[in-house]
Amino acid sequence: MAIQVLKPKYHVEECLEEIRECLEKGWTGLGFKTVAFEEKWKEYTGHDHAHFLNSATVGLHLAVEILKKENGWKEGDEIITTPITFVSTNHAILYEKLVPRFADVDEFLCLDPEDVKRKINNKTKAVMFVGYGGRVGKLKEIIKICKENNLKLILDAAHMSGTKVDGIVPGTWDGVDVTVYSYQAVKNLPTADSGMICFANGKYDEICRKLTWLGINKDTYARSGDKGTYKWKYDVEYLGYKDHGNSIMAAIGLVELKYLDEGNAYRRELVKCYNEMFEGNSKINIIKAPNEDECSFHIYEIEVDDRDGLLEHLQKNDIYPGVHYRDNTEYEMYSYDHGKCPNAHRISERIITLPLHLELTKEDIKHIADKVIEFVNK
Ligand SMILES: *Cc1c(COP(=O)(O)O)cnc(C)c1O
């Protein structure tokens with residue numbers, strides 16, 4: 001049977017039970033399960049605020065938009081970001097007519113603090129940090145740099161559901177202004193499409209809740225104190241969007257959250273299995289995680305000389321790996337910074353994402369690793 005690189009595993013019957021509740025109640029939209037899921041997520045992570053969204057992409061955009069608006073950033077101001085990420089991360093910066101300024105990645109494929117320091121100039125307003133594959137990288141150093149230079153810090157935690165460091169969720173660390181999670185189907189906490197935005201500042205959370213529902217301010221209605229009669233009598237404070245999540249997605253999220261730690265622990269076992277097979281092989285560089293025992297390991301990568309050859313070899317064996325990610329400065333719209341991040345550029349040609357998901361057994365992992373070793377040793 002074909003082995004895919006990423007694949008969601010749902011607890012189907014339980015999900016259907018939660019969804020049934022929504023359908024029977026006739027409440028599938030904002031409120032009800034979305035509120036319940038926000039509360040559970042806050043409890044699980046320790047975030048003070050959490051707002052459920054229809055994707056992490058819109059969350060990253062809202063994070064940039066709100067920080068820009070509230071801190072008086074101008075068009076053309078810069079956010080330092082990583083070239084090794086899904087394009088959502090960097091599109092979010094462009095949506096607000098700010099400039100993604102690319103800094104290089106370190107051995108964890110997260111932003112390298114030394115290069116971040118070099119890329120700071122008088123237009124720099126923030127740093128966008130991606131917890132690559134659930135790895136925290138050198139986030140603590142990045143926080144320090146942001147504090148010293150009065151920069152905001154956005155954490156793209158799309159891969160980080162369940163990641164901890166000494167039992168603490170990194171997004172809740174002092175100095176992280178906003179953390180955005182993804183619950184897209186192949187992420188560690190799978191729904192179909194949804195996400196969560198967690199601001200440290202309660203005022204920003206309030207603004208965000210208005211922005212995700214067309215900019216509508218429900219206070220007018222709340223003030224009327226009349227049970228629904230004046231529901232239409234709201235004010236519209238912002239040119240907002242339709243970005244909030246719905247109760248069907250939240251229903252799935254509520255179920256899958258219960259299995260997140262168990263799933264991540266299993267991912268770590270599979271990662272250990274890969275590592276044991278590859279360790280000591282000079283042709284293979286394993287991309288490590290500093291928080292190895294508490295990492296969500298959304299993806300597992302190795303670095304090899306002939307990446308494209310290995311991709312082909314695995315495909316011939318019915319194994320379908322991936323590449324996370326191509327150096328974003330290779331894309332036309334980000335090409336202005338091409339060549340400024342040599343490590344990212346090199347890695348972009350050499351990394352391969354091997355299958356890692358909850359349907360795989362240790363035997364599968366050994367089989368995949370055997371095929372990898374067979375190719376690199378030949
Ligand atoms: C998946 C992903 C996103 C976007 O998440 P969606 O919920 O699909 O919008 C953003 N950043 C990274 C690093 C991702 O992997």
Side-chain angles (χ1 to χ4, degrees), residues 57 60-61 64 68 73-133 135-139 141-142 145-146 148-149 151-156 158-159 283-290 299 301-312 321-353 376:
T57 301
L60 291 164
H61 174 210
V64 174
K68 180 186 178 203
W73 302 349
K74 307 259 178 330
E75 281 184 20
D77 282 344
E78 299 183 4
I79 296 184
I80 296 175
T81 182
T82 173
I84 301 292
T85 187
F86 187 54
V87 286
S88 290
T89 315
N90 295 318
H91 281 13
I93 301 169
L94 280 192
Y95 292 151
E96 288 302 312
K97 301 193 163 53
L98 301 171
V99 180
R101 181 58 64 208
F102 292 92
D104 215 345
V105 294
D106 60 15
E107 66 272 33
F108 307 113
L109 307 196
C110 293
L111 272 181
D112 175 6
E114 289 312 310
D115 202 42
V116 167
K117 277 191 238 168
R118 282 192 285 270
K119 300 285 159 71
I120 295 173
N121 64 60
N122 57 13
K123 286 189 169 176
T124 312
K125 300 296 177 197
V127 172
M128 173 82 86
F129 188 93
V130 176
Y132 180 82
R135 296 162 179 84
V136 289
K138 296 168 187 159
L139 182 58
E141 286 174 55
I142 298 284
I145 294 167
C146 286
E148 283 166 3
N149 293 277
L151 305 176
K152 299 290 177 194
L153 178 55
I154 303 165
L155 179 59
D156 178 343
H159 301 178
K283 305 276 178 54
I284 297 171
N285 179 37
I286 301 165
I287 307 299
K288 293 280 192 174
I299 43 179
E301 313 44 47
I302 54 169
E303 186 188 340
V304 293
D305 286 334
D306 182 10
R307 190 268 313 279
D308 293 350
L310 178 57
L311 273 170
E312 241 174 74
V323 173
H324 297 85
Y325 296 91
R326 264 183 81 194
D327 172 359
N328 283 192
T329 69
E330 286 172 27
Y331 301 129
E332 174 84 38
M333 73 180 73
Y334 297 117
S335 58
Y336 54 85
D337 261 350
H338 188 72
K340 305 243 177 83
C341 304
N343 201 26
H345 200 56
R346 189 182 53 86
I347 215 81
S348 173
E349 305 294 318
R350 295 170 57 84
I351 40 167
I352 179 166
T353 305
V376 298

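In this text the structure is predicted, and so the values were computed from the model without any measurement.
Side chain to side chain, Y331 and H338 fail the donor-acceptor criterion of an N or O pair below 3.5 Å. For D337 and T329, the side-chain atoms include no donor-acceptor pair closer than 3.5 Å. A side-chain donor from one of S348 and E330 sits under 3.5 Å from a side-chain acceptor of the other.
Here the closest heavy-atom approach between residue C341 and residue D104 is recorded as C-OD2, 3.3 Å. Taking each heavy atom of F102 and N90 in turn, the nearest pair found is CE2-ND2, 3.4 Å. Considering all non-hydrogen atoms of both residues, K125 and N122 come closest at NZ-O, 4.5 Å. A pairwise comparison of heavy atoms in K340 and D115 identifies O-OD2, 4.5 Å as the closest pair. Contact between D327 and A344 at its shortest, heavy atoms only, is CB-O, 4.0 Å. Closest approach of T57 to S88, counting heavy atoms only: OG1-OG, 2.8 Å.
Electrostatic pairing of K97 and E75 does not count as a salt bridge here, judged by no charged N lying under 4.0 Å from a carboxylate O. At a threshold of 4.0 Å, the pair E78-K119 does not count as salt-bridged, since none of the basic side-chain nitrogens sits closer than that to a carboxylate oxygen.
With K68 contributing its side chain and K74 its backbone, the two residues share no donor-acceptor pair below 3.5 Å. A donor-acceptor pair under 3.5 Å is absent between the side-chain atoms of T85 and the main chain of T82, judged by distance alone. Using modelled atom types, no side-chain atom of D106 and backbone atom of D112 make a donor-acceptor pair closer than 3.5 Å. N149 places no side-chain N or O within donor-acceptor distance of the main-chain N or O of C146, the cut-off being under 3.5 Å.
Under the side chain to side chain contact (heavy atoms under 4.5 Å, CB included) test applied with F129, the options D156, I80, L111 reduce to a single match, L111. Partner of R307 under the side chain to side chain contact (heavy atoms under 4.5 Å, CB included) criterion, chosen from L310, V304, D305: V304. Screening I154, L151, L155 for a side chain to side chain contact (heavy atoms under 4.5 Å, CB included) involving V127 leaves a single residue, L151. When each of R135, R350, K288 is paired with E301, the salt bridge (charged side-chain N to carboxylate O under 4.0 Å, His left out) condition holds for R135 and for no other.
Contact annotation: the side chain of E303 approaches that of I347 to within less than 4.5 Å [non-hydrogen atoms, C-beta and beyond]. For the pair I351 and L109, the minimum side-chain heavy-atom distance is below 4.5 Å. The closest side-chain heavy-atom distance from I79 to R101 is not below 4.5 Å. Residues C110 and V105 fail the side-chain proximity criterion, which asks for heavy atoms closer than 4.5 Å. Considering only heavy atoms from C-beta on, N328 comes within 4.5 Å of V87 through its side chain. Under the 4.5 Å side-chain criterion, counting only non-hydrogen atoms from C-beta, I93 is in contact with M128. The shortest distance between side-chain heavy atoms of L94 and Y334 falls below 4.5 Å. With contacts defined as side-chain heavy-atom distances shorter than 4.5 Å, the pair V323/L311 qualifies.
How far CD1 of I120 is from CD of E148: 8.5 Å, rounded to the nearest 0.5 Å. Rounding to the nearest 0.5 Å gives a distance of 10.5 Å between CH2 of W73 and OG1 of T124.
Atom CD of E332 has 12 or fewer heavy atoms from other residues, nucleotides or ligands within 6.0 Å.
In this structure, the ring-ring contact (aromatic ring centres under 6.0 Å, His included) partners of H159, at least two apart in sequence or on a different chain, are H298. Residues that satisfy the ring-ring contact (aromatic ring centres under 6.0 Å, His included) test with Y132, not counting sequence neighbours, are absent from this structure.
Using bins of under 30°, 30° to 60° and over 60° for the plane-to-plane angle, the ring pair Y95/H61 lands in the perpendicular bin.
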